[in-house]
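Each chain gets a letter, A, B and so on, in the order the sequences are listed, and its residues count up from 1.
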There are 2 protein chains.
Amino acid sequence: MGGDGDRDERNSRAPLSRERILDAAIAFVDAKGLTALTMRRLGTELGVEAMSLYRYVGGRDDLLEGMVDEMVDRLHLDPDGVRPGPGEGWQAYLQWLAHGVRGLAREHPQVFPLIATRHPAAPWLRPPLRSLRVVEDFLSTLVDRGFTDERAVAAYRAFSSFLLGHLLLEAAVLGSRTAPAVELTDVARSMPTTSSSVDVRDYPLLRRLEDRLSEDHASAEFERALEDLLDRMERELADDLPG
Amino acid sequence: MGGDGDRDERNSRAPLSRERILDAAIAFVDAKGLTALTMRRLGTELGVEAMSLYRYVGGRDDLLEGMVDEMVDRLHLDPDGVRPGPGEGWQAYLQWLAHGVRGLAREHPQVFPLIATRHPAAPWLRPPLRSLRVVEDFLSTLVDRGFTDERAVAAYRAFSSFLLGHLLLEAAVLGSRTAPAVELTDVARSMPTTSSSVDVRDYPLLRRLEDRLSEDHASAEFERALEDLLDRMERELADDLPG
DNA sequence: ACCTGAACACCGTTCAAGT
DNA sequence: ACCTGAACACCGTTCAAGT
């Protein structure tokens, strides 16, 4: 591969395709933030007029949907560490999946809110585990390893809530570092924002704890809470058997 | 002015104010959804030109910020049930707060994602407990009741993640019922959405569990997980003392 | 002091037209 | 078959002007 000789402006080479567009969109959001993503800007990024994109994506909404789908689909390929085989127990599987999703959130903190916030295709799909394939895999893995239908569904619910709560917060912190986020235009700051002052001085405990609140324990917190969740599931599962 | 004295079109009466604008915006989003909220449309809703709003809100971003602040501020007034007094223990306080936040999410499911998703004023503020006043109250309540600084901060983190994970998912379900959500324009549905089919037939376990997955146990789940969280905190707190 | 009209730059999207 | 130009309806926002 390497020097193939056709140059061009920036990213224009292949004849444009849905996949190329989605990848470009994800990269764009990683770099510039979600609010900066515009059909027209994405077009120029790809060396093409915005209108050309409509042959592949149907519209801005479909574009966002496609980005989410592509990221979620990567779960079955990407997660660092090898996927646990059938002999390894559901704890290993949930650990693997949890770290896979966390990897997505950390690699694409600006895209993750999209995964977390957009309405899934079916009402019973819960972000961030919001693709039929992933959920089928989740449920069948647990059922194969001894979960009743009921426990498997309850596990899906608890696991989704856990991932969403922890990773959305972690992504928010990472994302606000990466991007302009609020891009205050200097002037806009002067408006009557009511109590525009983010002034910790009026709050004695916040002042005392500010440093501690600012410490980053994201990884430790995540592992800890994940362990607790798995323990809780184990206990509930054990309740079923002796019945 | 012929015939009617002082009544007018729709909502125009008071001379416009930040509070009136924010309330109108919240009501608008409750009714029409977040994507429908536009400076121009909000203006006409208030019987005024869009440009008049800029005297009170600084811009669309400040408007959204203001809506979030106002909702979060209601926590100290609204929550059903009376706020536990100093004699009642931190468990009662956290129960009260949890149900207060849940009330917000359920009353305004379309606004809640805003609370959950927008970057807070300080990086260590975690949605949905994202106001200085609320966090000061949270921390001081716990410290007054025997938490060390460290435990109080850890509790704040765990509590935020818990609320965010559970309530964002609950609000998403409620919100998608209330609003057009994706408003597919019939035609847009025909585009090459890759696997546009939300077809459960290919997934045997999903087909078997679909009914069970669709059951609504939001309240029971929430109470259960809240109890578990409080239990966990109690255990950790107990670890501090005998040491 | 409070609101409006007109204007600017930028959007998403459609559609007939180019190659 | 694939992309473009021009156009439409709608945005957020500014600013001089009205009352």
Side-chain angles (χ1 to χ4, degrees), chain A residues 6 8-21 24-25 28-29 32-67 118 180 182-193, chain B residues 1 6 8-22 24-25 28-29 32-67 118 180 182-193:
Chain A
D6 340 72
D8 305 87
E9 299 302 323
R10 177 160 266 141
N11 288 317
S12 58
R13 44 185 178 192
L16 213 52
S17 71
R18 183 176 172 91
E19 203 196 346
R20 217 158 81 74
I21 291 174
F28 188 94
V29 172
K32 311 277 182 65
L34 197 54
T35 60
L37 179 66
T38 248
M39 297 299 282
R40 290 171 129 106
R41 285 205 268 247
L42 182 58
T44 68
E45 192 76 8
L46 285 160
V48 99
E49 298 298 313
M51 305 73 192
S52 310
L53 304 176
Y54 284 81
R55 197 157 293 275
Y56 305 91
V57 284
R60 183 170 202 267
D61 242 54
D62 184 50
L63 173 68
L64 298 179
E65 214 63 53
M67 294 166 64
R118 290 187 67 83
V182 188
E183 37 183 312
L184 41 162
T185 27
D186 299 7
V187 194
R189 205 74 190 82
S190 65
M191 288 302 324
T193 336
Chain B
M1 35 187 74
D6 46 12
D8 310 72
E9 297 303 322
R10 177 158 265 140
N11 288 318
S12 58
R13 44 183 177 191
L16 213 53
S17 71
R18 183 176 173 90
E19 203 197 347
R20 216 158 82 73
I21 291 173
L22 294 180
F28 188 94
V29 172
K32 311 276 182 65
L34 198 55
T35 60
L37 179 65
T38 247
M39 297 299 281
R40 290 171 128 106
R41 284 205 268 247
L42 182 58
T44 68
E45 193 75 8
L46 285 161
V48 99
E49 297 299 312
M51 305 74 191
S52 310
L53 304 176
Y54 284 81
R55 197 157 292 276
Y56 305 91
V57 283
R60 182 171 203 268
D61 242 54
D62 184 49
L63 173 68
L64 298 179
E65 214 63 54
M67 293 166 63
R118 289 188 67 83
V182 189
E183 35 183 313
L184 41 162
T185 27
D186 299 7
V187 193
R189 205 74 191 83
S190 65
M191 287 303 322
T193 336

Less than 4.0 angstrom between a side-chain N/O of [X] and OP1 or OP2 of [N], yes or no?
{"X": "A:S52", "N": "D:dT4", "value": "yes"}
{"X": "B:T38", "N": "D:dG12", "value": "yes"}
{"X": "A:Y54", "N": "C:dC15", "value": "no"}
{"X": "B:R60", "N": "D:dG12", "value": "yes"}

Taking [atom1] from [X] and [atom2] from [N], how many angstroms apart are they, rounded to a whole number?
{"X": "B:L42", "N": "D:dC10", "atom1": "CG", "atom2": "C1'", "result": "16 Å"}
{"X": "A:D62", "N": "C:dT14", "atom1": "CG", "atom2": "P", "result": "12 Å"}
{"X": "A:L37", "N": "C:dC11", "atom1": "CG", "atom2": "C1'", "result": "12 Å"}
{"X": "A:L46", "N": "D:dC3", "atom1": "CG", "atom2": "P", "result": "10 Å"}
{"X": "A:L63", "N": "C:dC11", "atom1": "CG", "atom2": "P", "result": "14 Å"}
{"X": "A:L53", "N": "C:dT14", "atom1": "CG", "atom2": "C1'", "result": "14 Å"}
{"X": "B:E49", "N": "C:dA7", "atom1": "CD", "atom2": "P", "result": "15 Å"}

Closest non-hydrogen atom pair, [X] against [Y]:
{"X": "A:L63", "Y": "A:L42", "value": "CD2-CD2, 3.8 Å"}
{"X": "A:Y56", "Y": "A:I21", "value": "CB-CD1, 3.7 Å"}
{"X": "A:R60", "Y": "A:L37", "value": "NH2-O, 2.8 Å"}
{"X": "B:S52", "Y": "B:L16", "value": "CB-CD2, 4.1 Å"}
{"X": "B:V57", "Y": "B:M39", "value": "CG2-CE, 4.2 Å"}
{"X": "A:R40", "Y": "A:A50", "value": "CA-CB, 3.5 Å"}

task: Scan A:M39 against the nucleic acid and name what it touches under 4.0 Å (heavy atoms): base, sugar-phosphate only, or nothing.
output: sugar-phosphate
- prompt: Are the side chain of A:S17 and the backbone of A:R20 linked by a donor-acceptor contact shorter than 3.5 Å?
  reply: yes
Quick one: which of [options] gets closest to the side chain of [X]?
{"X": "A:R55", "options": "D:dC3, C:dC2, D:dT14", "value": "D:dC3"}
{"X": "A:R41", "options": "C:dC11, D:dC3, C:dG5", "value": "C:dC11"}
{"X": "A:V48", "options": "C:dC3, C:dT4, D:dC3", "value": "D:dC3"}
{"X": "A:R40", "options": "C:dT13, D:dC2, D:dT13", "value": "C:dT13"}
{"X": "B:L16", "options": "C:dC3, C:dA7, D:dA6", "value": "C:dC3"}

statement: Assign each of A:M51 and A:A36 the nucleotide of DNA chain C bearing its closest heavy atom; nearer the 5' end lies the nucleotide of A:A36
task: Map every base of DNA chain D to its dot-bracket character, where paired means a Watson-Crick or G-U wobble contact with both distances under 3.5 Å and | marks a partner outside the strand.
output: ||.|||||...|||||.||
- request: To the nearest 0.5 angstrom, please state how far the CD atom of A:E45 sits from the NZ atom of A:K32.
  value: 5.0 Å
